[in-house]
Structures are given as C-alpha cells and as structure tokens.
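The model shown is predicted, which means the values in this text are computed figures rather than measured ones.
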Amino acid sequence: MKIQVLGSAAGGGFPQWNCNCRNCKGFRDGTLNAKSRTQSSIAVSANGEDWILFNTSPDIRAQLESFAPMQPARRIRDTGIAAIVFMDSQIDHTTGLLMLREGCPHKVWSTEMVRQDLTSGFPIFNMLDSWNGGIHWNEIPIEPGNSSFVVPEVPELKLTAVALSSSAPPYSPHRNDPHPGDNIGILIEDTRSGKTVFYAPGLGQIEPHLKPYMKDADCVMVDGTIWSDDELITSGVGDKLGVTMGHLAMTGENGMIEFLDTLEKPRKVLIHINNTNPILDEDSPERAEVESHGIEVSYDGMSIEL
C-alpha cells in the first residue's frame with residue numbers, strides 16, 4: 001500500500017496568505033527553518049496507478065501537478081484519481097472538487113451527513129451536475145460493526161469508517177446539532193498484506209472506540225493542528241480554543257502526544273498542521289520534543305509504503 005501526502009497543512013495552508021504570525025512572517029523573511037505546506041489531503045493506492053483521493057483541498061491543482069502518478073498518462077484526458085473519499089464537509093477539504101470539474105463524472109464516497117451539507121449549505125454536488133454527469137455518490141456506512149466498504153476501482157483496499165465527535169461546518173444546516181458522520185476517521189487495510197493505516201486529520205478527542213483502531217494499526221496519521229489549546233488566542237490570530245474547533249491539542253493533559261505515547265506498534269505521523277503551530281519551525285524546542293517521542297511531522301510530498 002502506497003500513501004502520498006499531497007497536503008499537510010490545516011485550512012489556509014502555510015504560510016497563510018493573510019497571516020503575519022511568527023511562523024508566517026519568519027517563513028516569508030527567511031528566518032524560519034520550515035517548509036511551505038498546502039491544505040491537507042492524502043492519496044492511497046494498491047498498485048501505484050489507481051489512487052483513492054482523501055479530500056479535495058483548494059490547493060488540489062498544485063498538488064496533482066506535484067505528483068506524477070496523478071497526471072494524465074494513459075489517454076488524452078486522464079487522471080490517476082480512481083475515486084474520492086470525503087472525511088467531512090469542511091471548506092478546506094471539499095472546495096477542490098470544483099477545480100476537478102473537467103474530469104466529471106467523479107466517483108465520490110461520503111457519509112450521509114456530508115452529502116446533505118454538500119447539497120444544501122455548500123451545494124457543490126449540485127453545482128457539478130452541469131459538468132458531464134457531475135458526481136456519482138456512494139454512501140460511507142458508519143454503523144458500528146457494519147462500517148467497512150470497498151471502492152471497486154481499488155479492490156485490494158478495505159476501508160472502515162469510524163465516526164468522530166465533531167461539529168459540522170458553519171454553513172451546515174445542523175451546525176449546532178451534531179450527528180454521527182459529520183466527521184470520520186478511516187482505517188485503510190491492504191487485504192493482500194494485512195497492513196493498515198488509520199487516517200484522521202480532524203480529531204477532537206480520543207474516544208474509547210477509537211483506541212483499538214489506533215493501537216493495532218501499522219501507521220496512524222492524525223490531527224496535529226495545534227500545539228496548545230489556546231494557541232490561536234496567544235498567537236493573536238483568533239479567539240477560539242482548539243477544542244471548540246474540533247481539534248485536540250498536542251500538549252496538556254490528555255493531549256495528542258500523551259496518547260500517542262501509549263501506542264507501541266504504529267508509526268506515528270501528524271498531519272493537518274496549523275500555520276501557528278511551533279512544530280513547523282524545524283529548529284524549535286517544540287519540534288525537538290515531538291521528535292523525541294518518536295512522532296513524525298508530515299510534509300507535502302511525503303511518501304509512506306506499508
């Protein structure tokens with residue numbers, strides 16, 4: 001199984017276009033040792049040719065240009081994208097679908113809650129009806145014990161969805177009425193080798209039902225959005241705590257680092273990293289601390305093979 005990180009940043013990317021925080025300013029003036037990052041997305045394949053694209057960020061065109069297997073190679077009009085899977089309906093995970101309109105129809109998988117958001121509050125599915133058949137939607141099941149599915153175009157991979165506690169986006173009709181399926185994690189298993197990766201770029205809390213998936217996986221790629229719960233406030237860029245945005249801070253009691261320390265088997269990789277997070281500075285004490293725990297910080301172009 002091949003996993004390609006197309007984008008490793010949170011919404012807005014890094015540096016964020018309108019941000020002058022320490023990280024963004026330092027990157028622009030050349031005083032920060034860091035890599036630029038686009039908004040989070042990964043692609044997974046069993047054969048290196050047919051890829052499941054997880055989320056379509058607003059940066060999708062640049063991401064596809066940077067990864068040769070996604071580019072046309074077999075026909076005049078072509079792509080390595082076999083299917084698209086949405087983890088949620090957030091703007092930074094779905095807007096790129098509009099950029100892929102020339103390739104319609106697309107085979108898209110999402111939960112029913114995400115489908116509702118993308119046909120109502122942010123109706124991009126409806127908008128794409130005008131392009132060559134639009135979207136061929138398939139439902140991701142989330143009922144416990146019956147949440148596995150296979151994308152027919154990549155039959156070697158079995159996907160198992162896990163509902164996460166999180167809020168729907170601000171434009172969702174049920175923004176203040178959370179439902180299972182607003183946000184999911186996915187266990188991806190290569191049925192030939194038995195190797196697995198658990199992917200959850202939006203993880204607000206480590207709920208008991210998640211622990212077995214993460215403990216037994218060969219690799220976990222999880223939410224590394226913020227270093228501390230009040231990071232946006234102390235950075236001067238916002239007034240919300242991480243927990244209210246559905247993201248678990250890396251530090252503090254019951255933080256992400258503390259939990260990852262309990263896992264012995266998996267390779268541990270952080271993704272969806274906010275522009276304010278000090279771990280972006282590769283010379284920072286925070287980056288050194290993360291690495292001392294055996295945790296990797298993903299970057300655009302990172303390749304993992306299991």
Side-chain angles (χ1 to χ4, degrees), residues 7 9-13 16-18 38-42 52-61 63 81 83-143 147 149 161-186 199-205 223 225-226 232 237-248 272 274:
Q16 184 169 306
W17 66 277
N18 68 335
T38 58
Q39 295 166 92
S40 74
S41 176
I42 67 169
I52 302 174
L53 178 62
F54 289 82
N55 296 330
T56 58
S57 92
D59 303 311
I60 187 65
R61 188 181 184 281
Q63 292 171 347
I81 301 172
I84 298 166
V85 171
F86 285 127
M87 309 295 289
D88 54 48
S89 55
Q90 298 287 347
I91 282 178
D92 56 315
H93 283 163
T94 59
T95 305
L97 189 61
L98 296 175
M99 307 302 115
L100 301 178
R101 62 192 180 277
E102 295 91 350
C104 286
H106 289 293
K107 300 176 180 66
V108 172
W109 295 76
S110 79
T111 65
E112 171 61 18
M113 288 298 103
V114 168
R115 186 199 68 79
Q116 289 183 21
D117 287 347
L118 298 183
T119 55
S120 58
F122 184 32
I124 58 175
F125 284 0
N126 305 351
M127 295 163 65
L128 288 171
D129 283 344
S130 299
W131 275 271
N132 195 33
I135 298 304
H136 293 178
W137 179 75
N138 302 270
E139 184 173 4
I140 294 178
I142 56 171
E143 182 180 349
S147 59
F149 64 102
V162 187
L164 307 179
S165 292
S166 184
S167 297
Y171 48 77
S172 171
H174 59 274
R175 165 68 170 180
N176 298 312
D177 181 22
H179 286 67
D182 287 335
N183 189 359
I184 59 173
I186 286 187
Y199 178 55
L203 192 54
Q205 55 181 296
D223 195 329
T225 305
I226 50 174
L232 297 189
V237 301
D239 58 4
K240 294 180 180 178
L241 296 173
V243 67
T244 64
M245 299 186 297
H247 295 291
L248 179 64
H272 195 273
N274 201 56

Which atom names give the shortest non-hydrogen contact between [X] and [Y], and what distance separates them?
X: Ser41; Y: Gln63; result: CB-OE1, 4.0 Å
X: Ile140; Y: Phe86; result: CD1-O, 4.1 Å
X: Leu100; Y: Ile81; result: CD1-CD1, 4.2 Å
X: Ala163; Y: Gly181; result: CB-N, 4.3 Å
X: Pro201; Y: Ser40; result: CB-OG, 4.4 Å
X: Thr56; Y: Thr94; result: OG1-O, 3.1 Å

Quiz item: side-chain contact (heavy atoms from CB on, under 4.5 Å) between Val108 and Phe125: does it pass, once the steps are laid out?
Solution: CA-CA 10 Å; Val108 172; Phe125 284 0; 3.8 Å; yes
Kindly say whether [Y] contributes a backbone atom to a donor-acceptor pair with the side chain of [X] at under 3.5 angstrom?
X: Ser147; Y: Ala161; result: yes
X: His179; Y: Asp177; result: yes
X: Asn55; Y: Ser57; result: no
X: Arg175; Y: Ser172; result: no
X: Gln39; Y: Gly12; result: yes
X: Asn274; Y: Ile226; result: no
X: Asp88; Y: Gly202; result: no
X: Asn138; Y: His136; result: yes

Are [X] and [Y] close enough that some pair of their side-chain heavy atoms sits under 4.5 Å apart?
X: Leu118; Y: Trp137; answer: no
X: Thr95; Y: Ile124; answer: no
X: Pro169; Y: Asp117; answer: yes
X: Ile135; Y: Leu128; answer: yes
X: Phe122; Y: Met127; answer: no
X: Asp182; Y: His174; answer: yes

Calculate, to the nearest 0.5 Å, the distance between atoms [atom1] and [atom2] belonging to [X] and [Y] respectively.
X: Ile42; Y: Ile186; atom1: CD1; atom2: CD1; answer: 9.0 Å
X: Phe54; Y: Tyr199; atom1: CZ; atom2: OH; answer: 8.0 Å
X: Asp129; Y: Cys104; atom1: CG; atom2: SG; answer: 9.0 Å
X: His106; Y: Leu97; atom1: NE2; atom2: CG; answer: 6.0 Å
X: His247; Y: Leu203; atom1: NE2; atom2: CG; answer: 10.0 Å
X: Met87; Y: Trp109; atom1: CE; atom2: CH2; answer: 14.5 Å

Quiz item: Angle class for the His93/His272 ring planes (parallel below 30°, perpendicular above 60°, tilted otherwise)?
Solution: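 Geometry flag for His272 against His93: perpendicular rings.
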